Structure formats: C-alpha cells, structure tokens
Amino acid sequence: MSTKVLMGVDEYLRTSFDGPDCEYLDGEVVERNMGELPHGDVQLTLGILLSRLRRRLGIRVVTEIRIQVSPTRYRVADLAVWRDDHIGNRIPTVPPFLAIEILSPEDRITRMQPKIAEYLAIGVEWIWLIEPIEKSAICYSQRNPAGALCDVLRTENPAIEIPLAAALDIDS
C-alpha cells in the first residue's frame, strides 16, 4: 500500500477492500500481497482436499478469513480450519486449530514470522507455511513453534495428513 490508511476497528470490520482483504494492525490497514497462479492453485487444491474431510472429521474450512489476534489486530489467513461450526458469526470468535499461509512471490518468510507468532499466541495449534515456487513447506505447532521443513502437512486431533506434493498438485 503506497499510503498509510488508518481507521478504527469497527470501521475496518465493516469495510470491504478492492482485491484481497487487508489486515488490520493497531489502527493501520495493511495490504496483503496479491496471490498469483501458484498461490491460487495451492489454495484451491488445499481447500478441496480439506473440504473432502469435512464430514468425516467434522471440520470447517474457510478461505481468506479475518482472525482476531488481539483487540486491535486482525490477520487474514489464506485458509483456516476449525474443529466444528461453532466459531462465531461474521468474524470467528475462536481461533482455528489450523492456519495455512501460502507465500506469494513478494512475500518473505521473515515478514511472516510475526503473523505466525501471533497465531501461536492465540492458540492456533498448527500452521502450514507453503512456498509454492520452491515447492517447500514449514510446519509450525504449539510443540514446535520454531517450525520445521516438512514433506507431509500434518495435524493431530483430528489427524490430517496431506503430502506436500498433493497440495502442490505435483507427482511425488
């Protein structure tokens, strides 16, 4: 965003933005990088793979959803997954158990670290950070907040296992 846009929380929550949704960080509206084809492909593929597990696992999968990380901070996850449908009305009032972030070419892992730390701080149990161009992923969890490279995207309770190659829609 070329200029700083400041607004109150209530105004942010009532505002729709052109292009991808913006995050709200302590009064400042922060534009997110626009996804490109690799980003969009991975987001769609993971959304489909996770949605197929909805009935069996009782999960709810939502794309591009605002998540409140403090009274004055809202992050937007590429995908978020909850254990059930009881998550709030317009804006979820409980954190997801899984947040998925897919890097766009302009994104940097170092810029994602504060977002990952905020997710962990509010109780998100699992975070998958996927780099579609490099065909790699880092999986974070409450037990491993530093994260580790992974070939299989996993969670527990419920148990989800998606090979990274499947998420990237490539042959293993």
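Here the structure is a predicted model, which means the values were calculated and not measured.
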Could you go step by step and tell me if D84 and R54 meet the salt bridge (charged side-chain N to carboxylate O under 4.0 Å, His left out) rule?
CA-CA 9 Å; D84 60 41; R54 179 171 169 75; over 6 Å; no
Decide whether [X] and [Y] are clustered together by the hydrophobic rule: side chain heavy atoms of Ile, Leu, Val, Met, Phe, Trp, Tyr closer than 4.5 Å, transitively.
X	Y	result
L13	V29	yes
L44	L49	no
I91	V9	yes
V152	V81	no
I133	L46	no

Minimum heavy-atom distance [X]-[Y], with the two atoms named:
X	Y	result
Y74	P71	CE1-O, 4.3 Å
P145	Y140	O-CD2, 3.4 Å
E23	V76	OE2-N, 3.0 Å
I67	P96	CD1-CG, 3.8 Å
T15	E11	OG1-O, 2.5 Å
T93	G88	OG1-CA, 3.8 Å

Taking the side chain as every heavy atom from C-beta outward, state whether [X] and [Y] have any pair of such atoms under 4.5 Å apart.
X	Y	result
L168	V42	yes
P92	I65	yes
S136	E131	yes
R60	I87	yes
Y119	P95	no

Salt-bridge contact [X]-[Y] (side-chain N to carboxylate O under 4.0 Å):
X	Y	result
D21	R75	no
E156	R143	yes
R32	D78	yes

Determine which pairs satisfy disulfide (SG to SG under 2.5 Å) with at least one residue from residues 130-164, sequence neighbours left out, and list them in order.
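Passing the test, one end in residues 130-164: C139-C150.
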[X] side, atom [atom1]; [Y] side, atom [atom2] - distance, nearest 0.5 Å:
X	Y	atom1	atom2	value
I130	K135	CD1	NZ	12.5 Å
L129	L103	CG	CG	4.5 Å
I138	I116	CD1	CD1	7.0 Å
L153	W128	CG	CH2	5.0 Å
M112	I127	CE	CD1	9.0 Å
R66	R73	CZ	CZ	15.0 Å

With a cut-off of 6.0 Å (strictly less than), are more than 12 heavy atoms of other residues, nucleotides or ligands near CG of D151?
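12 or below, so no.
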Please lay out, stage by stage, how I59 and L53 fare under the test side chain to side chain contact (heavy atoms under 4.5 Å, CB included).
CA-CA 7 Å; I59 61 175; L53 301 172; 4.0 Å; yes
Strictly distance-based, threshold 3.5 Å: is any side-chain N or O of [X] a donor or acceptor partner for the main-chain N or O of [Y]?
X	Y	value
Q142	V124	yes
E36	P38	no
T155	P158	yes
H39	I102	yes

Cation-pi between R83 and F97: NZ/CZ under 6.0 Å from ring centre and within 45° of the ring axis?
yes
Please walk me through it: do V30 and C22 pass side chain to side chain contact (heavy atoms under 4.5 Å, CB included)?
CA-CA 5 Å; V30 179; C22 295; over 6 Å; no
Taking it one step at a time, do D169 and D41 satisfy side chain to side chain contact (heavy atoms under 4.5 Å, CB included)?
CA-CA 8 Å; D169 200 21; D41 288 343; over 6 Å; no
Looking only at the side chains, is there a donor atom on one of D26 and T72 sitting less than 3.5 Å from an acceptor on the other?
yes
Applying ring-ring contact (aromatic ring centres under 6.0 Å, His included), can you list everything that pairs with Y24, at least two apart in sequence or on another chain?
Y12
